[in-house]
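See structure below.
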Amino acid sequence: MTNAPAPTLFERIIAREIPAQIVYEDENYIAIKDIAPKAPVHLLVIPKKVSSRLDEITAEAEMGRLWLTAIKVAAQHLSDYRLIVNVGKGGGQEVFHTHVHVLGGWDSAQAVGFGQ
Ligand code: 5GP
């Protein structure tokens, strides 16, 4: 009998229990296409080490690696982009396994306002 918490949705994707379109993977991170894209390109960069929300990550190196990986993944797909992290229910977070949204690919003629 174990008291381990149930795996998060993203842990199940990392374990290949749930299918996803994987666009990047290394020892510590995975990046997938969002199932309900809010932009022409919408990726999720996910640390394999689970934390519920961004503000649980307190180590500078870990925080830095997450953002550097998000920037690397973004640059593989886009020249211009937006990085977003929803923190907590009130911040719009639905999946409590920290992840960075990479959004972009809008037509440059299209207005891209904050909040879109
Ligand atoms: P949050 O609201 O937690 O910041 O973002 C969670 C994101 O995960 C949402 O944009 C949502 O569309 C995405 N998502 C939810 N379930 C799945 C899934 O099963 N597969 C993939 N690829 N993305 C998902």
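Every heavy atom of this structure was used, including side-chain atoms; hydrogens, water molecules and symmetry mates were not. Note that the structure is predicted; figures quoted are calculated from it, not measured. Counting convention: from 1, in listed order, for ligands and their atoms alike.
- Of all the atoms in ligand 1, the ones that sit under 4.0 Å from a non-hydrogen atom of Ala36 are 12 (O).
- Annotation: side chain of Ile32 is not in contact with side chain of Val23 (no heavy-atom distance under 4.5 Å).
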*asked:* Please determine whether side-chain contact (heavy atoms from CB on, under 4.5 Å) holds for the pair Leu83 and Ile71, giving the CA-CA distance in whole Å, both sets of side-chain angles, and the decisive distance to 0.1 Å.
replied: CA-CA 8 Å; Leu83 303 180; Ile71 290 165; 4.0 Å; yes
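- Here the side chains of Val95 and Phe10 are in contact, with some heavy-atom distance below 4.5 Å.
- With ligand atoms numbered from 1 in the order given, ligand 1 contributes 1 (P), 2 (O), 4 (O) to contacts under 4.0 Å with heavy atoms of Asn86.
- Of all protein heavy atoms, the one closest to atom 1 (P) of ligand 1 is His99 NE2, 3.2 Å.
- For atom 16 (N) of ligand 1, the nearest protein heavy atom (residue, atom name, distance) is Leu9 CD2, 3.3 Å.
- Inter-residue side-chain proximity for Thr69 and Tyr24 is flagged as met; some heavy-atom pair is nearer than 4.5 Å.
- Closest to atom 22 (N) of ligand 1 among all protein heavy atoms lies Lys33 O, 2.9 Å.
- Under the 4.5 Å side-chain criterion, counting only non-hydrogen atoms from C-beta, Trp106 is in contact with Arg82.
- Nearest-heavy-atom check against atom 21 (C) of ligand 1 across Ile18, Leu43, Leu44, Ile35 picks out Ile35.
- Nearest to atom 2 (O) of ligand 1 among the protein's heavy atoms is Gly92 O, 2.8 Å.
- No more than 12 heavy atoms of other residues, nucleotides or ligands shown are found within 6.0 angstrom of NZ on Lys49.
- Under the 4.5 Å side-chain heavy-atom criterion for grouping Ile, Leu, Val, Met, Phe, Trp and Tyr, Leu9 is not connected to Val102 through any hydrophobic cluster.
- The ligand atoms of ligand 1 that sit less than 4.0 angstrom from a heavy atom of Val95 are 3 (O), 6 (C).
- The six-membered or imidazole ring of His99 lies near that of His101, with a centre-to-centre distance under 6.0 Å.
- Among protein heavy atoms, the minimum distance from atom 11 (C) of ligand 1 is reached at Asp34 OD1, 3.4 Å.
- At least one heavy atom of Lys38 lies less than 4.0 angstrom from ligand 1.
- Only side-chain heavy atoms of Ile32 come within less than 4.0 Å of ligand 1; its backbone N, CA, C and O stay farther off.
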